[in-house]
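For reference, the structure discussed in these notes is given below.
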Amino acid sequence: MSASDHAWMARALQLARKGLYSTHPNPRVGCVIVAAGEPVGEGWHVRAGEPHAEVHALRQAGEQARGATAYVTLEPCSHHGRTPPCAEALVKAGVGRVVAAMQDPNPQVAGRGLHLLRSAGIEVASGVLEAEARELNCGFIKRMESGLPFVRAKLAMSLDGRTAMASGESQWITGPAARAEVQRLRARSSVVLTGADTVLMDGARLTVRGPELGLDAETTALALQRPPLRVLVDGRRRVPLDAPFFQAGPALVATAMTGSAEAYQVAGHELLVLGQQQVDLTALLRELAARGANEVLVEAGPRLVGAFARLGLIDEYQIIMAAKFLGSSARPLLELPLERMSEARELKIVDIRAVGDDWKIVATPAS
């Protein structure tokens, strides 16, 4: 692959990121069509049900697409869904070469798109900036490969690793820049998940607040058109229906308590019974993935986050650390009862950066 291949794929990835907040449950995809060293068409997938990135780019390129090279961040689709196959559109347009960042993990595609292009006599290459492409669609890829969504846990803590005072008071540990970062995490997620303790103690709503996103007007509008599904894990149905969480809009409640769901349904919510003594978190994630959830953001207290961690269900921790101490009687980051050093859960820190007056640490389980 040449340096220009990498440069044009980098541009395609830049376009794909425009769909960060709006493409769910589809992947984020960008496309650039290049003829004689110049871009003649660009496009990105905006939202599910609408034309894919390749179609937008081909429309812009017109006749100039004939013999050109198409750079696309994901293998062009070969199946009929809500839109026609992009691989067929590229063949019809007469492009001479297609460079894909990666093969599509969707079993309905999985190499068939690239095969269709080769069969039509088009030169095909893949694997250009694949790591960046996989990171952009980590949730879609995991859902396709494992039937589970990509799970992020968002945690805010003091320098001494505390999340709230002993009384439960926690507003605000972090500053406004960090809170805007959290709003963007919510907006990119398919699901925002919390627990009964957080809703009861903090009056949490878990909504996306447009003015706090810190994005341009067009991107903010796209993000607000596709708000994440809010999920409450409430094993014993402790949260009353007049709580702020339920007043903020439709929600899914996962519980372990059987009984009538009529009151929830009348109020516009869905009740899902999973488990007997407590909510089966793995089953919940599988159900969310089956509904098209790519990325799940867990914003919860130490008990629920600890439960996800013990089950090995967290793919990434996003920890906002504030420059303050809350003291030894304050609440811990997560409940993870360990007795020996050999039991310690090792993490790999992949990013540390300042966010306003706070610090954001991104870490993944080392194993």
- Message: Check Arg238 with Asp197, please: is the shortest side-chain N to carboxylate O separation under 4.0 Å?
- Response: yes

- Query: Picking from Asn137, Asn294, Asn106, what satisfies side chain to side chain donor-acceptor pair (under 3.5 Å) with Arg143?
  - Reply: Asn294

- Output yes when Glu212 and Arg179 qualify as a salt bridge under the 4.0 Å nitrogen-oxygen rule, no when they do not. no

- Residue pair His24 / Arg226, side-chain heavy-atom distance below 4.5 Å: yes

- Item | Under 3.5 Å: donor-acceptor pair, side chain of Thr73, backbone of Leu13 | no

- Query: Side chains of Val29 and His52: closer than 4.5 Å at any heavy-atom pair?
  - Reply: no

- Query: For Arg28 and Glu295, what are the C-alpha separation, side-chain angles and deciding distance, and is it a salt bridge (Lys or Arg N to Asp or Glu O under 4.0 Å)?
  - Reply: CA-CA 12 Å; Arg28 299 137 183 161; Glu295 299 177 20; 2.7 Å; yes

- Quick one: does Arg188's side chain get under 4.5 Å of Tyr21's, heavy atoms only? yes

- Query: Quick one: are Val40 and Gln60 in side-chain contact, heavy atoms under 4.5 Å?
  - Reply: no

- Message: Distance alone, cut at 3.5 Å: any donor-acceptor contact between the side chains of Thr23 and Asn26?
- Response: no

- Item | Charged N-O contact under 4.0 Å between Arg134 and Glu145 | yes

- What distance separates Leu297 CG from Gln318 CD, expressed to the nearest 0.5 Å? 8.0 Å

- Rounded to the nearest 0.5 Å, what's the gap from CD on Glu135 to CG on Leu129? Could you check? 12.0 Å

- Query: So do Val199 and Pro244 actually touch side chain to side chain, heavy atoms under 4.5 Å?
  - Reply: no

- Item | Result of checking Val151, Val233, Leu281, Leu252 against Leu193 for side-chain contact (heavy atoms from CB on, under 4.5 Å) | Val233

- Can you get from Ile141 to Met9 by hopping between Ile, Leu, Val, Met, Phe, Trp and Tyr side chains that sit under 4.5 Å apart? no

- Item | Which atom of Leu284 lies closest to which atom of Leu274, heavy atoms considered | CA-CD1, 3.5 Å

- Task: State, without any angle test, whether Gln14 and Arg11 hold a side-chain donor-acceptor pair at a distance under 3.5 Å.
- Result: yes

- Query: Can you tell which of Leu136, Leu74, Val128 makes a side-chain contact (heavy atoms from CB on, under 4.5 Å) with Met102?
  - Reply: Leu74

- Item | Side-chain touch Glu299/Thr198, heavy atoms, less than 4.5 angstrom | no

- Query: With a 4.5 Å limit on heavy-atom distance, are the side chains of Leu20 and Thr219 in contact?
  - Reply: no

- Under the criterion side-chain contact (heavy atoms from CB on, under 4.5 Å), which of Glu262, Arg237, Met257 is the partner of Leu271? Arg237

- Task: Report yes or no: does Thr69 contribute a side-chain atom to a donor-acceptor pair with the main-chain N or O of Val34 at less than 3.5 Å?
- Result: no

- Could you label the plane-to-plane angle of the Phe246 and His269 rings as parallel, tilted or perpendicular, counting under 30° as parallel and over 60° as perpendicular? tilted

- Item | Heavy-atom side-chain proximity of Pro149 to Val191 below 4.5 angstrom | no

- Say whether, by atom type as modelled, one donor and one acceptor occur between the side chain of Asp234 and the main chain of Val239 under 3.5 angstrom. yes

- Task: Report the residue from Val192, Val296, Leu288 that forms a side-chain contact (heavy atoms from CB on, under 4.5 Å) with Leu229.
- Result: Leu288

- Message: Looking at Pro85, is its backbone amide N or carbonyl O close enough to the side chain of Glu54 to form a donor-acceptor pair, meaning the two atoms are under 3.5 Å apart?
- Response: no

- Item | Note: Glu270-Arg291 ion pair, threshold 4.0 Å (strictly below) | yes

- Item | Considering all heavy atoms, the nearest Ser158-Lys324 contact | CB-O, 3.0 Å

